Colleague: 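I am attaching a structure below and will ask some questions about it afterwards.
Heavy-atom basis, side chains included; hydrogens, waters and symmetry copies ignored. Values in this document were obtained by computation on a predicted structure and should not be read as measured data. Protein chains get the first letters and strands the later ones, always in sequence-line order, with residue 1 at the start of each.
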2 protein chains.
Amino acid sequence: MRRGRPTLREVAAAAGVDVSTASRLLRGQDMPYRAETRQRVLDAAEKLGYRPNQQARALRLQRQQAIGLLVPDLDNFGFTQILRGVQEVAAEQEYTLMLVEAGAGAGEGGGISYERLGLEGRVDGILVAFASMDDPNVQEWAERERLPMVLVQRGTPSYPASVVMDEQRNVAVMVQHLVELGHRRIGHVSGPLRTDTGLRRQEGFAAAMREHGLAVRPEWIADGGFHWTGGQQAAREILDVPAEERPTALVVANLISALGTLSAVHDLGLTVPGDLSVIAIDEHIVAEHTNPPLTTVQTPQRELGRRAAQMLLSSLSGDKPSRVMITDPPPTLVVRASTAPPPPDGSADNG
Amino acid sequence: MRRGRPTLREVAAAAGVDVSTASRLLRGQDMPYRAETRQRVLDAAEKLGYRPNQQARALRLQRQQAIGLLVPDLDNFGFTQILRGVQEVAAEQEYTLMLVEAGAGAGEGGGISYERLGLEGRVDGILVAFASMDDPNVQEWAERERLPMVLVQRGTPSYPASVVMDEQRNVAVMVQHLVELGHRRIGHVSGPLRTDTGLRRQEGFAAAMREHGLAVRPEWIADGGFHWTGGQQAAREILDVPAEERPTALVVANLISALGTLSAVHDLGLTVPGDLSVIAIDEHIVAEHTNPPLTTVQTPQRELGRRAAQMLLSSLSGDKPSRVMITDPPPTLVVRASTAPPPPDGSADNG
DNA sequence: CTGAAAGCGCTAACAT
DNA sequence: ATGTTAGCGCTTTCAG
């Protein structure tokens, strides 16, 4: 078998110095080396192609200089901006970012087996995106592993470290847009109510409706589960009734379930936005290409990622984490063709 | 500061045995322990919440039990099935999979700085997906790091370890479908010709056209760069000519550039499939929701991921890697609304 | 059946 | 200005 990577000891030997000298020098520590010594060490390292062994260093330093980011499902493209934010901060602070798709570790029981992810001892801390509120496993696991953890895009009353957005405001922007178009009969394809985000978006929906003096009709609300099929089923439930009992617009709690919603709407023979307006949260290039192109709300996802990473990293150096809500930049509407004034006969509010 | 994780030494002490005994026993090695010893060790480990330190183990074993998967851009959702395949195999063999978005390490020079990814020494080997042929850095880097590497979905004449698909056949399926619909004037929004996949898809296109006795018109071929804007521009180049000089169908070399293509087509006031049929490679739920829904070719991506991971893992135990082409399962057509017979006046072949 | 001891590659006091 | 030494937590001969 071929020789592995050269070790520090070998470099030192080649340069005729002690390992400690080589170690200091190669890390740029201290100042006063004899110019010749420095040269010899540098040359030797260069010549042998020396690269420090992270593992040995980590073992010695008791620090991996790496953090993990756990996401549930990479097919859900709504999260990439969060990832960007996390990446930026990690790079700035010279941490390695390890992305892990949590679904990958799902055991037979349906629950996620966090142990199977093999992150134990490979990272100094972990960012958990979109963990549902009722997944006690994450928290337990992080505790057992003594792994500092920050929840991203999900808060949990019982956990002290999280970064979320002002979902109330996000949803308010959507409702406002619809109201301005003349809608009064508005329904909601929500996220799972057991998730913090799903819950807060739904509460935000109710609040925004009340603010505009509109009725929240339970039969116009259904759980789209934040995924494609869920969005489809929810829309079907809400819309498969006589025309006069239907809402004229649907606020959808995330982008991928909005795709399912559109699908159901078309299956029912309805047109968007002629019969029904649809607006969704989370902006992505895909929204430009749906049929019709989707009006969306762009949220501060990148900032969310940044703040979460910053919090995790600073908590590694002893700072106390906290519950943070991102409010800047504010959510902005990206108006496309899926929203329009309600059909003439549908503008009456019978709620 | 709070006590870290308990060490093996502490467990051993608590159980009143030597670390070596605890080590063996906890790993399930050997057989003959005194029942009482076993119980004491197990109890102690349980009580203290012992988890082995991966780093120390890795240092000792000279093996990380982890592999990396480098992808260029997570916004490109075409790769998730490959990821699934890789994940399966990694899990089966109890390897941890670290996903890294390579774009993240891009330096100012535009090139990717692989060192900055910080994978060095954290993984035993690496899978590189979609690396372009002219990126000498990857190969150099892997060599310098003595990191076994397998190229996924990209071959390179000079590199001995890769897994690719039969792009010739993938493209043939698309051309065949169009020909069966009656098209004879077919254009191609290709991938970058400096990438192996882009090149092979284009060659496949030319070959398939020849096979059907159709002319390959250079002005009907443009590089869509495998991304959104590229697909848009390429389509514009090809289509922004008098109607009688346009193709009646476009074969697009990947899904995301097909979105850009659709966008350009609409901007030009053309309808799909009325004026122009569009077919793309790579299947994804998003294709069901474009306007109109896209006819695609589903390729054996998962299998590709599996084979690549298997090759990497087996090369870690000394097997010689090779260049593999996946041919099974065969590519299958997913027919949707974006393909139809050519317009009556367009079926004439003036090529 | 279990313990002692060496050492993976590195860093950080503590010497000179 | 550089060398000596100990040790991070684990596995593995080699001895009993």
Colleague: Taking atom C1' of D/dT2 as reference, at what distance in whole Å does atom CD of A/Gln39 sit?
Modeller: 18 Å
Colleague: Is it the case that the base of D/dT12 and the side chain of B/Ser23 share a donor-acceptor contact (distance under 3.5 Å, atom types as modelled)?
Modeller: no
Colleague: Looking at every heavy atom in both A/Met311 and A/Ser162, which two are closest together, and how far apart are they?
Modeller: CE-O, 3.8 Å
Colleague: Decide salt bridge (Lys or Arg N to Asp or Glu O under 4.0 Å) for B/Arg84 and B/Glu303; before the verdict, give the C-alpha distance in whole Å, the side-chain angles of both, and the deciding distance to 0.1 Å.
Modeller: CA-CA 9 Å; B/Arg84 293 289 127 67; B/Glu303 191 55 27; over 6 Å; no
Colleague: Keeping A/Gln87 on the side-chain end and A/Leu97 on the backbone end, is there a donor-acceptor pair under 3.5 Å?
Modeller: no
Colleague: Does OP1 or OP2 of D/dT2 have a side-chain N or O of A/Thr37 closer than 4.0 Å?
Modeller: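 Checking D/dT2 against A/Thr37, a side-chain N or O does come within under 4.0 Å of OP1 or OP2.
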Colleague: Roughly how many Å is it from CG in B/Leu61 to P in D/dT13, rounded to a whole number?
Modeller: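 Value for this atom pair: 11 Å.
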Colleague: In whole Å, what is the span from the CZ atom of A/Arg63 to the P atom of C/dG9?
Modeller: 21 Å
Colleague: How close do A/Gly125 and A/Leu312 get, counting heavy atoms only, and between which atoms?
Modeller: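 The answer is C-CD2, 3.7 Å.
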Colleague: Just the rounded figure in Å: distance from C1' of C/dG3 to CG of B/Leu25.
Modeller: 14 Å
Colleague: Give each protein N/O atom lying under 3.5 Å from an N/O atom of nucleotides 14-16 of chain D, with the pair distance.
Modeller:
none

Colleague: Just by distance, do the side chain of B/Arg323 and the backbone of B/Tyr159 share a donor-acceptor pair under 3.5 Å?
Modeller: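 Pair found, side chain donor or acceptor close to backbone of B/Tyr159.
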Colleague: So, is B/Gln62 near the phosphate of C/dG9, with a side-chain N or O under 4.0 Å from OP1 or OP2?
Modeller: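 B/Gln62 to C/dG9 OP1/OP2: side-chain N or O found under 4.0 Å.
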Colleague: What is the distance, rounded to the nearest whole Å, between atom CD of B/Gln55 and atom C1' of C/dG9?
Modeller: 13 Å
Colleague: Can you see if the side chain of B/Thr21 gets near the phosphate of C/dG3 - specifically, an N or O under 4.0 Å from OP1 or OP2?
Modeller: yes
Colleague: Using a cut-off of strictly less than 4.0 Å, decide whether A/Tyr50 has a side-chain nitrogen or oxygen near OP1 or OP2 of C/dC10.
Modeller: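 Yes.
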Colleague: Taking the side chain of A/Leu59 as its heavy atoms from C-beta onward, which of C/dA12, D/dC10, D/dC8 lies nearest to it?
Modeller: D/dC8
Colleague: Do any side-chain nitrogens or oxygens of A/Gln54 fall under 4.0 Å of OP1 or OP2 in C/dC10?
Modeller: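 For A/Gln54, the contact criterion (side-chain N or O under 4.0 Å from OP1 or OP2 of C/dC10) is not met.
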Colleague: How far apart are the closest heavy atoms of B/Asn137 and B/Tyr114, and which atoms are they?
Modeller: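 That closest heavy-atom pairing would be CB-CE1, 3.5 Å.
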Colleague: Quick one: salt bridge (charged side-chain N to carboxylate O under 4.0 Å, His left out) partners of B/Arg51, sequence neighbours excluded?
Modeller: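 Counting only residues at least two positions away or on another chain, B/Arg51 forms a salt bridge (charged side-chain N to carboxylate O under 4.0 Å, His left out) with A/Glu115, A/Glu120, A/Glu145.
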Colleague: Please report the distance, rounded to the nearest Å, between CD in A/Glu10 and P in C/dC8.
Modeller: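 To the nearest whole Å, that distance equals 11 Å.
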Colleague: Quick one: B/Gln65 CD to C/dC8 P, roughly how many Å, whole number?
Modeller: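 After rounding, the gap between these two atoms is 21 Å.
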Colleague: Is the backbone of B/Thr7 close enough, under 3.5 Å, to the side chain of B/Glu10 for a donor and an acceptor to pair up by distance?
Modeller: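 Indeed, once roles are kept as given, a pair shorter than 3.5 Å links the two residues.
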Colleague: Checking contacts here: which listed nucleotide (D/dG3, D/dC10, D/dA1) is nearest the side-chain heavy atoms of A/Arg34?
Modeller: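 Within the option list, the nearest is D/dA1.
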Colleague: If only side-chain N and O atoms of B/Arg9 are considered, is one of them under 4.0 Å from the OP1 or OP2 phosphate oxygen of D/dC8?
Modeller: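 Looking at the OP1 and OP2 atoms of D/dC8, one of them is under 4.0 Å from a side-chain N or O of B/Arg9.
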Colleague: Are any of A/Arg57's side-chain N or O atoms less than 4.0 Å away from OP1 or OP2 of D/dC8?
Modeller: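 No, A/Arg57 has no side-chain N/O under 4.0 Å of OP1/OP2 on D/dC8.
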Colleague: Rounding to a whole Å, what distance do you find between B/Arg38:CZ and C/dC1:C1'?
Modeller: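 Going from B/Arg38 (CZ) to C/dC1 (C1'), I get 12 Å.
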Colleague: Can you identify which nucleotide, out of D/dG3, D/dG9, D/dT12, has its nearest atom closest to the A/Asp18 side chain?
Modeller: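 Closest nucleotide among those given: D/dG3.
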